[in-house]
J.: 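Sharing a structure, written as structure tokens. Questions coming.
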2 protein chains.
Amino acid sequence: MREIPRPQFDQSLRSHNAKRVSIIDAAANVFCREGFGGANIDLIAAEAGVSRQTVYNHHGDKENLLSAVVSEITERCNARSFAVLGTFPDHPGDLEADLVAFAVRLNKNCLCDRDGKFLRKLIQTEGERNPQLFASWRNEGPGKIWSALAARFARLAFSGHLEIDDPDAAARQFLALINADLQLPMLLGEPLGEDQLKASATSAVRTFLRAFGRRVAASSSDAPAIPA
Amino acid sequence: MREIPRPQFDQSLRSHNAKRVSIIDAAANVFCREGFGGANIDLIAAEAGVSRQTVYNHHGDKENLLSAVVSEITERCNARSFAVLGTFPDHPGDLEADLVAFAVRLNKNCLCDRDGKFLRKLIQTEGERNPQLFASWRNEGPGKIWSALAARFARLAFSGHLEIDDPDAAARQFLALINADLQLPMLLGEPLGEDQLKASATSAVRTFLRAFGRRVAASSSDAPAIPA
DNA sequence: AAAAAATTAGACACACTTGTCTAATTCGTC
DNA sequence: GACGAATTAGACAAGTGTGTCTAATTTTTT
């Protein structure tokens, strides 16, 4: 609704942009804590360390600010998710250990971090009222990430490390399992310890491999096969 | 804060109580849709078909109304959960089919129904600001239900139908698996079809049994063992 | 039918929020 | 130092929501 004046030089643009980001961050925090209806622009401005007018100068009205926040966080979150996906153990040494480490990375950087929590919360509260707000999240986020993860699992199956019928289902179930023990603490907003993340991932991967690992040795948790 | 006068006879008590329930229901809907901050008492009164004053007469202020709603829904939800737990297949005929049916019941009546969705949403939005509000939910709900489910699985393991090391972890993972395919639609508020529930449960139980079923036959999905 | 209790509509004061506006001030560039 | 753009504090109108109150009405009990 309102023109954002563009400063001509980098120096001032950086300061301008720094404020923009700081407003987005503060707004994310407040929207997340209070919900959209309960959020208050004065509080956002105070938390961002700027005046209320500056918030309006940058992002227009409240609805627009929410849009900007969602776009920003979605982008950040997707970038991190694909970065973590890039560390998937395509050529595992110790499959179990490698998958556990991968699961911990995924949880810590994408699912259980501040941005992930924020997105989940916001989608749940505002998703029904504003479906188009999260359309890009849905298309660019879970859609692509899940199928990318499924592709990685399919490759592990092809190379003989796993036995998988439906890689898409396996990917969904992998994600569900690595979150099984963390959902309650996350729901209640409790901070997650490093050891908790590790324990959850370990238990999840063990079950995942009992279901989809190669049926070579019977019950022990030895790494199965295929050195190179 | 305010005395609720008690009528002396059933006739009027029923009407009184009917209004009470109808207010709770409407409040649940509105709180769920708009969040606590965005909820509006006039709207709740209108949706309940009573006047605003009646809302105040019954439940005092807004905070108090939220308390009442949470208690009511928690109680309902727990009652249903334990009822469903009572249908756990302790003496399975076809283990896979029985577990699938049980998972569908659990999802349909406890996790994915209106009350379950409401509680999850509300805990996520208001849990951090009001931890004591959900204390009873936490103690009476997930705590007891999870351990009860774990006990059932332990029994199945003892009777030779499953191979489980840690029944508590298995119970948590069972719940995580049967929700794996439903989380995204639920997050977005999409209605869940009967077929969707069934497909999700089938896929989840198949994986669960690959992980924890008895290692008798190798790969097929036949029911394994122990007729009576 | 009379009395008591519950409900209703409406008005009300009070507080809060949004979004705009203005004048003063700071910041960075020329 | 002078200039322009960005920021700030503060006031402001309009709208909205809460919680209370009163008088009228309905419902239920005696």
Side-chain angles (χ1 to χ4, degrees), chain A residues 1-27 29-31 33-69 126 129-130, chain B residues 1-27 29-31 33-69 126 129-130:
Chain A
M1 297 289 164
R2 172 164 278 265
E3 280 300 318
I4 298 176
R6 295 263 201 88
Q8 299 96 325
F9 291 88
D10 264 2
Q11 196 70 0
S12 87
L13 192 146
R14 245 197 322 164
S15 157
H16 187 75
N17 220 14
K19 276 195 208 301
R20 201 190 81 90
V21 171
S22 132
I23 291 169
I24 295 263
D25 268 1
N29 272 324
V30 175
F31 281 141
R33 273 208 317 274
E34 323 277 351
F36 181 74
N40 156 326
I41 305 245
D42 286 316
L43 187 58
I44 293 174
E47 206 152 308
V50 301
S51 75
R52 177 175 59 235
Q53 186 59 48
T54 300
V55 176
Y56 283 105
N57 285 346
H58 277 259
H59 299 105
D61 67 9
K62 200 177 172 183
E63 210 83 38
N64 217 317
L65 177 57
L66 176 65
S67 267
V69 170
E126 310 298 330
R129 295 163 62 64
N130 258 18
Chain B
M1 296 286 165
R2 172 165 279 266
E3 278 302 317
I4 297 176
R6 294 262 203 86
Q8 299 95 323
F9 289 90
D10 263 2
Q11 197 69 3
S12 88
L13 191 145
R14 241 190 333 156
S15 158
H16 187 77
N17 221 14
K19 276 195 208 302
R20 201 191 80 90
V21 171
S22 131
I23 291 169
I24 294 264
D25 268 2
N29 272 324
V30 176
F31 282 142
R33 272 208 318 274
E34 323 277 351
F36 181 75
N40 157 325
I41 305 244
D42 286 315
L43 187 58
I44 292 174
E47 207 153 306
V50 301
S51 74
R52 176 175 61 238
Q53 186 60 47
T54 301
V55 176
Y56 282 105
N57 284 346
H58 277 258
H59 298 106
D61 66 9
K62 201 177 172 183
E63 209 84 38
N64 218 317
L65 176 57
L66 176 64
S67 266
V69 170
E126 310 298 329
R129 295 164 60 65
N130 259 20

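Chain naming here is simple, since letters A, B, ... match the order of the sequence lines and numbering starts at 1 in each.
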J.: Looking only at the side chain of B:Asn57 (C-beta and beyond, no hydrogens), which of the listed nucleotides C:dT8, D:dT7, C:dG19 gets closest?
T.: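 Comparing C:dT8, D:dT7, C:dG19 against the side chain of B:Asn57, the answer is C:dT8.
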J.: Please determine if a side-chain N or O atom of B:Thr54 lies less than 4.0 Å away from the OP1 or OP2 oxygen of C:dT8.
T.: yes
J.: Minimum heavy-atom separation for A:Glu34 to A:Ala39, with atom names?
T.: CB-N, 3.9 Å
J.: Write down the distance between OH (B:Tyr56) and P (C:dT8), rounded to a whole number of angstrom.
T.: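 Taking OH of B:Tyr56 and P of C:dT8, I get 15 Å after rounding.
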J.: Carefully, step by step, assess A:Val30 and A:Asn40 under the rule side chain to side chain contact (heavy atoms under 4.5 Å, CB included).
T.: CA-CA 8 Å; A:Val30 175; A:Asn40 156 326; 5.8 Å; no
J.: Could you give the NZ-to-C1' distance, from A:Lys62 to C:dC16, as a whole number of Å?
T.: 12 Å
J.: Looking at A:Ala48 and A:Ser22, what are the two nearest heavy atoms and their distance?
T.: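 In terms of heavy atoms, the two residues are closest at O-OG, 3.0 Å.
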J.: Rounded to whole angstrom units, what separation is found between the CD atom of A:Glu63 and the C1' atom of C:dG19?
T.: 14 Å
J.: Would one find a side-chain N or O of B:His58 under 4.0 angstrom from OP1 or OP2 of C:dA6?
T.: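 So the side chain of B:His58 is outside the cut-off, no N or O lying under 4.0 Å from OP1 or OP2 of C:dA6.
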J.: From C:dG19, D:dT20, C:dT8, pick the nucleotide closest to the side chain of A:Ile41?
T.: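 Closest nucleotide among those given: C:dG19.
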J.: What's the closest nucleotide to the side chain of B:Asp61 if the choices are D:dG19, D:dT8, C:dT8?
T.: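 Shortest atom-to-atom distance from the side chain points to D:dG19.
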J.: Produce the list of close N/O pairs, under 3.5 Å, pairing protein atoms with atoms of nucleotides 10-16 of chain D; give distances to one decimal.
T.:
{"residue": "D:dA11", "atom": "N6", "partner": "A:Arg52", "partner atom": "NH2", "Å": "2.9"}

J.: Between B:Leu66 and B:Lys62, is any pair of side-chain heavy atoms under 4.5 Å apart?
T.: no
J.: Roughly, in whole Å, what's the span from CD1 in B:Ile23 to C1' in C:dT8?
T.: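 That distance rounds to 13 Å.
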J.: May I ask you to say what A:Ala39 touches in the nucleic acid, namely base, sugar-phosphate or nothing, with a heavy-atom cut-off under 4.0 Å?
T.: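 Contact class for A:Ala39: sugar-phosphate only.
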J.: Rounded off to whole Å, could you give me the CZ-to-C1' distance for the A:Phe36 and C:dT18 pair?
T.: 11 Å
J.: Atom NZ of B:Lys19 and atom C1' of C:dA5: how far apart are they, to the nearest Å?
T.: 13 Å
J.: To the nearest 0.5 Å, what is the distance between CZ on A:Arg33 and CD on B:Glu126?
T.: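 Those atoms lie 12.5 Å apart.
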J.: Please report the interatomic distance CD1(A:Ile23) to NZ(A:Lys19), rounded to the nearest 0.5 Å.
T.: 8.0 Å
J.: To the nearest 0.5 Å, what is the distance between NE2 (A:His59) and CD1 (A:Ile24)?
T.: 4.0 Å
J.: Atom CG of A:Asn64 and atom P of C:dT20: how far apart are they, to the nearest Å?
T.: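 These atoms are roughly 11 Å apart.
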J.: Using atom CZ of B:Arg20 as one end and atom C1' of C:dT7 as the other, report the distance to the nearest whole Å.
T.: 17 Å
J.: Verify, without hydrogens or angle tests, whether B:Asn17 (side chain) and B:Arg20 (backbone) share a donor-acceptor contact under 3.5 angstrom.
T.: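 No, B:Asn17 side chain to B:Arg20 backbone: no donor-acceptor pair under 3.5 Å.
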J.: So how far off straight is the helix from C:dA1-D:dT30 to C:dC30-D:dG1, going by the axes through five pairs at either end, to 10°?
T.: 30°
J.: Base, sugar-phosphate or nothing for A:Gly37? Non-hydrogen atoms, less than 4.0 Å.
T.: nothing
J.: If you check the B:Val50 side chain, which of D:dT8, C:dT8, C:dG19 turns out closest?
T.: C:dT8
J.: Give, for atom CG of B:Leu65 and atom CZ of B:Phe36, the distance between the pair rounded to the nearest 0.5 Å.
T.: 8.0 Å
J.: Give the minimum heavy-atom separation between B:Ile44 and B:Phe31, together with the two atoms involved.
T.: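 Nearest pair, atom of B:Ile44 first, then B:Phe31: CD1-CZ, 4.3 Å.
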